[in-house]
Structure formats: structure tokens, C-alpha cells
Number of protein chains: 2
Amino acid sequence: MMNPLIRKLERFTRLSDADKRLLQEAASARIVNYDTHQDIIAEGEEPTDVNLILAGWVCRYKHLADGGRQIMSFLLPGDLCDLNIFLLRRMDHALGTLTPVTVAKISRDLLQEMLNTDPRLTRALWWEVLVTAAIHREWLVNIGRRSALERVAHLLCELHVRQRAVGRVRDGRCELPVTQVELSDALGLSAVHVNRTLRDLRLAGLIDWRDKHLAVPDFEALAAVALFDPDYLHLDHEGERFDAAC
Amino acid sequence: MMNPLIRKLERFTRLSDADKRLLQEAASARIVNYDTHQDIIAEGEEPTDVNLILAGWVCRYKHLADGGRQIMSFLLPGDLCDLNIFLLRRMDHALGTLTPVTVAKISRDLLQEMLNTDPRLTRALWWEVLVTAAIHREWLVNIGRRSALERVAHLLCELHVRQRAVGRVRDGRCELPVTQVELSDALGLSAVHVNRTLRDLRLAGLIDWRDKHLAVPDFEALAAVALFDPDYLHLDHEGERFDAAC
DNA sequence: CGCTGCGTTGAAATTGCTCAATTCAAGTGG
DNA sequence: CCACTTGAATTGAGCAATTTCAACGCAGCG
């Protein structure tokens with residue numbers, strides 16, 4: 001199995017064969033499977049491993065007092081969950097599966113060793129952390145300031161682009177194995193309104209979402225509705241300027 | 001001038017005298033002043049320095065096509081702005097002043113050297129980055145799922161607690177040198193509605209905001225309205241467990 | 001004196017929410 | 001193979017929260 005993390009990190013920086021071997025080993029040591037709607041780690045727990053998603057979709061979320069929840073990230077194959085375990089003792093949010101999921105557990109100690117010995121890999125992994133924060137910021141804009149139509153379209157654009165970045169889009173078609181309720185929990189909208197908004201996008205011919213797959217016939221058109229600008233994903237091989245330094 | 005960053009980082013980990021001297025030097029090298037409503041760095045620019053705020057309030061924000069804006073962070077004295085300059089080439093957001101501001105510019109090279117030579121400081125600085133991301137996540141919950149009253153109260157609680165953490169609260173009173181419009185830009189609400197919501201909080205005796213200063217007579221009461229739980233700020237000396245390792 | 005920025009208030013319009021019912025597809029057990 | 005259940009999507013109707021528009025007050029300042 002080609003490690004999807006390697007593919008993604010190579011967008012950012014070139015990795016040596018040794019880097020890749022190290023990552024590949026780390027990602028093979030301890031594989032764990034989860035069913036749909038399970039917590040990989042709950043809010044308040046003390047994490048012991050970093051979770052690398054090999055297959056399936058995961059979300060970060062928090063529960064609210066009134067029973068609602070807010071999803072703060074969608075994590076796809078190749079995404080790394082808790083690089084913060086080195087510094088923050090307790091999880092201030094939970095990680096839950098949206099589909100059946102396979103993760104590789106990378107222990108603190110192993111990761112620490114990788115970070116100590118491999119500066120290029122260190123940079124690549126911190127790039128992950130910073131891009132995650134950049135996505136959080138764009139979500140703030142999305143939820144705070146955009147209309148429901150723009151909001152839904154924007155999230156669909158993001159998920160489409162992120163999947164394209166790791167080779168998971170064919171003919172404008174990618175996975176979208178989440179429910180409308182889950183989308184609404186991510187967007188700060190009601191499920192009913194998400195449903196109506198999706199209908200509007202469908203009627204406008206902008207999306208075709210069926211069988212857990214999203215087809216976007218004209219990405220530019222959808223991006224225009226969403227006011228989507230992919231800069232915040234920092235996907236354009238920015239790290240290559242570091243190669244000289246390594 | 002006591003460096004407010006040192007005070008804050010010591011909440012997280014103990015710093016040696018050498019660490020502190022290093023930080024103190026770095027924060028004295030190049031001091032720059034800004035007026036109110038200036039950009040310290042604009043969206044799209046390539047940052048060259050890390051900005052350490054010594055005095056005044058700063059915000060992260062993005063402009064929208066329709067002229068609106070979303071504020072994504074409030075940065076207070078002792079906060080560090082762009083630790084990401086090592087990895088992300090272009091700013092995906094701007095940093096603007098809310099008051100007259102004094103910052104210390106710490107160059108890439110100097111910071112890089114500090115990170116290379118001082119692992120404890122490195123950890124402390126990354127703690128900054130992770131806490132910033134944690135605040136972003138809580139803001140997502142706030143904007144996505146809470147009512148206007150809860151939302152406003154929650155932000156006021158956060159700003160109060162963050163200032164308490166750096167010794168800037170006396171008798172329940174702290175600075176709040178922002179306008180209602182700026183609050184509304186941070187909360188995803190209209191300025192008019194923020195005004196009405198503040199009136200409700202004032203009439204309920206929960207806040208007293210005048211002359212750029214916020215007084216909270218009964219913090220627990222305000223926190224109850226806001227559903228505020230300060231865990232996400234990770235202020236409770238979590239890093240001490242690392243002392244053994246250093 | 002007359003700006004200008006900021007705060008305040010009222011009234012009308014709108015967006016998105018809640019409640020409730022219905023459909024549909026995919027199991028699951030008898 | 002059918003009856004039943006369950007999870008998800010869909011639709012309508014009424015309602016509530018928030019926005020928008022518009023006006024006015026007030027203080028600081030050139």
C-alpha cells in the first residue's frame with residue numbers, strides 16, 4: 001500500500017528515500033481498524049499516539065451542552081491527527097470516524113525520534129500542522145461571513161481540491177462519504193437548510209452527489225459561487241525553496 | 001520592560017535564565033511602532049520576520065469580496081504572530097493593528113538559531129502555535145453553534161481569561177480597546193446586533209464596558225451565560241511534565 | 001463650528017431554524 | 001419473500017433570530 005501521507009508531503013518538500021522508508025515503517029507498525037461512528041479518541045483523553053489515516057474519513061468535533069455538535073475538520077486518508085500530543089496534555093476535542101477507518105498508530109517515542117533525526121521530515125510534519133490551522137481560519141470565514149449557498153459550495157470545493165491533491169479525483173468525481181447532518185454540523189447550519197441548499201446547487205447543475213460520491217462537472221463555476229480561493233490550502237509546492245538548505 | 005512573552009511561556013514550561021536572556025535579547029533587537037488601523041503584514045505578502053507584540057492589540061483578518069471582513073484572532077501583548085514563516089511562503093491572512101502597537105521583529109535567522117540550540121524554547125514556541133489552533137477551533141464552535149448572546153459573552157470571557165493569564169486583570173477589570181464593529185467582525189454578527197447583545201449583557205449586570213475597559217463583576221455568571229470552559233486555552237502549566245526530560 | 005467615528009435605537013425584511021410529516025433505500029428477521 | 005425497522009433525504013409551513021436600512025446622539029478634534 002502506497003502511503004498517502006508520503007504523497008501529500010511530497011507536495012510540500014522532496015523527501016529522500018531514507019525519509020520515505022522511515023515514514024513507511026512508522027506507518028506499518030501498528031494498524032488499527034474502526035467502525036463507522038466510533039471515537040478514535042475522546043475529548044479530555046490523553047493521547048499516546050499520533051494517528052495517521054490510511055483509509056476512511058475522520059472528523060474533529062466537539063459536543064455542546066445542548067446536544068448539538070460542531071465538526072471542526074474533515075480528515076482524509078494521508079492526514080495526520082494529533083501532532084499536538086507532544087505539547088498539549090489533554091484533547092480539547094474528539095476524533096470520530098465517519099466511515100470505517102484504518103489508521104496507523106505512531107507512538108510518541110518513535111515520532112520523537114524521527115523528529116530528532118530528520119530535519120526535513122520535521123519541517124514537512126509541521127507544515128501539516130500549519131496547514132490545518134490555515135484551514136481552520138478559512139472555516140471561520142466560511143461560517144462567520146458567507147451565506148448558506150456559498151458555505152456549502154465552499155466546503156465542497158475544499159474537499160474536492162484536497163482530494164485532487166492526493167490523486168483521489170477522477171473525471172471531476174471524488175468520494176464524499178458523509179451525511180447531510182454531518183455537513184450541517186461542520187457548516188453551522190441546520191440539516192434541513194443544508195438539504196435545501198444542496199438541492200439548489202443540484203438544480204443549478206453545479207454538483208451531482210449520489211452514492212457517497214460527488215461529481216463537479218464545472219469546478220470553476222462551483223468555485224465562483226463559493227468565492228473559493230485555494231491559496232489557504234498551501235498546496236503549491238511551497239517547500240521546495242527549502243531544498244537548497246537541506 | 002518585562003517581556004510579556006516570557007511571562008506567558010512560563011505558564012507552560014520553566015525557562016532557564018539562559019532561555020530568558022535569549023528571548024529578551026531577541027525581543028529587543030528591532031522595535032517597530034504602528035498606528036491604529038495599520039497592517040503589520042498584508043494578505044499575500046511574504047513574511048520575513050516573526051512579530052512579537054510588546055504593547056497594543058492586533059488582529060488576524062481576511063477581507064471578503066463583498067467588503068466585509070472576518071477577524072480570526074485577537075493578539076495581545078506577549079503574543080507571537082507568524083511562527084509559520086518558516087514553512088508557509090505567503091500570508092493567507094493579514095495582521096492589522098487595533099490600537100497603537102509596539103512589536104519586536106525577530107528575524108527568521110535569529111529565530112531559526114534559537115530553535116536549533118534550545119529545545120525547551122522550541123517546545124514553548126510550538127505550544128504557542130498549537131494553542132492558537134485550539135483557539136481557532138473554539139471560535140468555530142462559537143460562531144457555528146452558539147446564539148448571539150452566548151457568542152458575545154464567550155469572546156469576552158476568553159479575552160478576560162487570556163489577560164488574567166498574563167497579569168493584566170485587576171479587580172475583574174481588563175483592557176478591551178476594540179470597537180463594536182471589530183467585535184462583530186470577529187463574531188460573525190452584525191454590528192447592530194452586537195450592540196443590542198452588549199446592552200442585554202449590561203442590563204443583566206454581567207458586564208460593564210466603558211473607556212476601553214471591561215469590568216466583569218461576576219466572572220462565573222458570565223461564563224455560565226457563555227457556556228465558557230477555559231480548557232481550550234491550555235493555560236494550566238501543562239508543560240511541566242517535560243521538565244524532567246530537559 | 002462642523003466634521004467624523006462610534007454607539008444607539010426603531011422598524012421592516014430576510015435568512016435560516018424548528019417542527020412535523022413523507023419518501024426512499026437498505027437491511028433484518030420471520 | 002414479505003413485514004418491519006432504521007437511517008437518511010426531502011418537503012411544507014410557521015416562526016425566531018439576525019440583518020438591513022435609516023436615523024439620531026454624542027464626544028473628540030481640527
Side-chain angles (χ1 to χ4, degrees), chain A residues 35-38 57 59 64 66-71 96-100 142-156 175-203 207-214 225, chain B residues 35-38 57 64 66-71 96-100 142-156 176-203 207-214 225:
Chain A
D35 274 346
T36 306
H37 300 309
Q38 282 192 298
W57 283 40
C59 67
L64 288 103
D66 68 355
R69 74 167 176 173
Q70 176 70 41
I71 290 177
T97 61
L98 298 167
T99 67
N142 208 27
I143 296 180
R145 284 285 166 229
R146 286 198 257 261
S147 70
L149 190 75
E150 293 164 348
R151 234 187 270 192
V152 173
H154 195 279
L155 179 54
L156 297 181
E175 282 188 53
L176 190 60
V178 303
T179 66
Q180 294 184 0
V181 170
E182 285 155 352
L183 275 194
S184 74
D185 284 341
L187 290 165
L189 294 168
S190 72
V192 171
H193 203 60
V194 166
N195 179 284
R196 290 191 229 272
T197 307
L198 286 168
R199 170 170 51 78
D200 294 345
L201 288 171
R202 189 180 339 112
L203 292 180
I207 63 169
D208 181 13
W209 180 17
R210 273 180 305 192
D211 305 326
K212 310 278 177 204
H213 284 263
L214 171 70
V225 167
Chain B
D35 274 346
T36 306
H37 300 308
Q38 283 193 297
W57 283 41
L64 286 102
D66 67 356
R69 72 167 177 174
Q70 176 70 39
I71 290 177
T97 61
L98 299 167
T99 67
N142 207 28
I143 296 180
R145 285 287 167 226
R146 286 198 257 259
S147 70
L149 190 74
E150 294 164 349
R151 236 188 268 192
V152 173
H154 194 279
L155 179 54
L156 297 181
L176 189 60
V178 301
T179 66
Q180 293 183 0
V181 171
E182 286 155 352
L183 275 194
S184 74
D185 283 342
L187 290 165
L189 293 168
S190 71
V192 171
H193 203 59
V194 166
N195 179 285
R196 292 192 229 272
T197 307
L198 286 168
R199 171 171 51 78
D200 294 345
L201 288 171
R202 187 178 344 109
L203 291 179
I207 63 169
D208 182 12
W209 181 17
R210 273 179 305 191
D211 306 326
K212 310 279 177 203
H213 284 264
L214 172 69
V225 167

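Chain letters run A, B, ... following the sequence lines, proteins first, then strands; residues in each count from 1.
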Does this structure show an ion pair linking B:Asp185 with A:Arg145, if we count only N-O contacts that are shorter than 4.0 Å? yes
To the nearest angstrom, how far is A:Leu201 atom CG from D:dA9 atom C1'? 16 Å
Short question: side chain of B:Arg151, backbone of B:Arg146 - any donor-acceptor pair under 3.5 Å? yes
How close or far is atom P of C:dC24 from atom CG of A:Asp211, stated in whole angstroms? 16 Å
Within less than 4.0 Å of OP1 or OP2 of C:dG16, is there a side-chain N or O belonging to A:Arg146? no
Contact class for B:Ala148 (heavy atom, under 4.0 Å): base, sugar-phosphate, or nothing? sugar-phosphate
Give the nucleotide from the list C:dC17, D:dC21, C:dC6 with an atom nearest to the side chain of A:His193. C:dC17
Residue pair A:Asp35 / A:Thr97, side-chain heavy-atom distance below 4.5 Å: no
Is there a donor N/O on one and an acceptor N/O on the other, under 3.5 Å, for the side chain of B:Arg196 and the base of C:dG7? no
How close or far is atom P of C:dC6 from atom CG of B:Leu183, stated in whole angstroms? 13 Å
Between CG of B:Leu198 and C1' of C:dC6 the distance, given in whole Å, is 13 Å
Within-4.5 Å side-chain heavy-atom neighbours: B:Asp208 and B:His213: no
Can you work out whether A:Val181 or A:Arg145 has the more 5'-proximal nearest nucleotide on DNA chain D? A:Val181
Grab the CG-P distance between B:Leu189 and C:dT8 for me, whole Å please. 16 Å
To the nearest angstrom, how far is A:Lys212 atom NZ from C:dA26 atom P? 11 Å
Students often get this wrong, so: under 4.0 angstrom with heavy atoms, is B:Arg199 touching a base, only sugar-phosphate, or nothing? sugar-phosphate
Whole-Å distance between C:dT15 P and A:Glu150 CD? 12 Å
Flag, side chain of A:Thr99 to backbone of A:Trp57, donor-acceptor distance under 3.5 Å: yes
Scan A:Thr179 against the nucleic acid and name what it touches under 4.0 Å (heavy atoms): base, sugar-phosphate only, or nothing. sugar-phosphate
Does a nitrogen or oxygen in the side chain of B:Gln180 sit under 4.0 Å from OP1 or OP2 of C:dT8? yes
Rounded to whole angstroms, how far apart are CG on A:Asp200 and P on C:dG16? 11 Å
Does B:Arg151 reach a base, just sugar-phosphate, or nothing at all? Heavy atoms under 4.0 Å. nothing
With heavy atoms under 4.0 Å as the rule, sort A:Gly188 into base, sugar-phosphate or nothing. sugar-phosphate
Check whether any side-chain N or O of A:Asn195 sits under 4.0 Å from OP1 or OP2 of D:dT10, and answer yes or no. yes
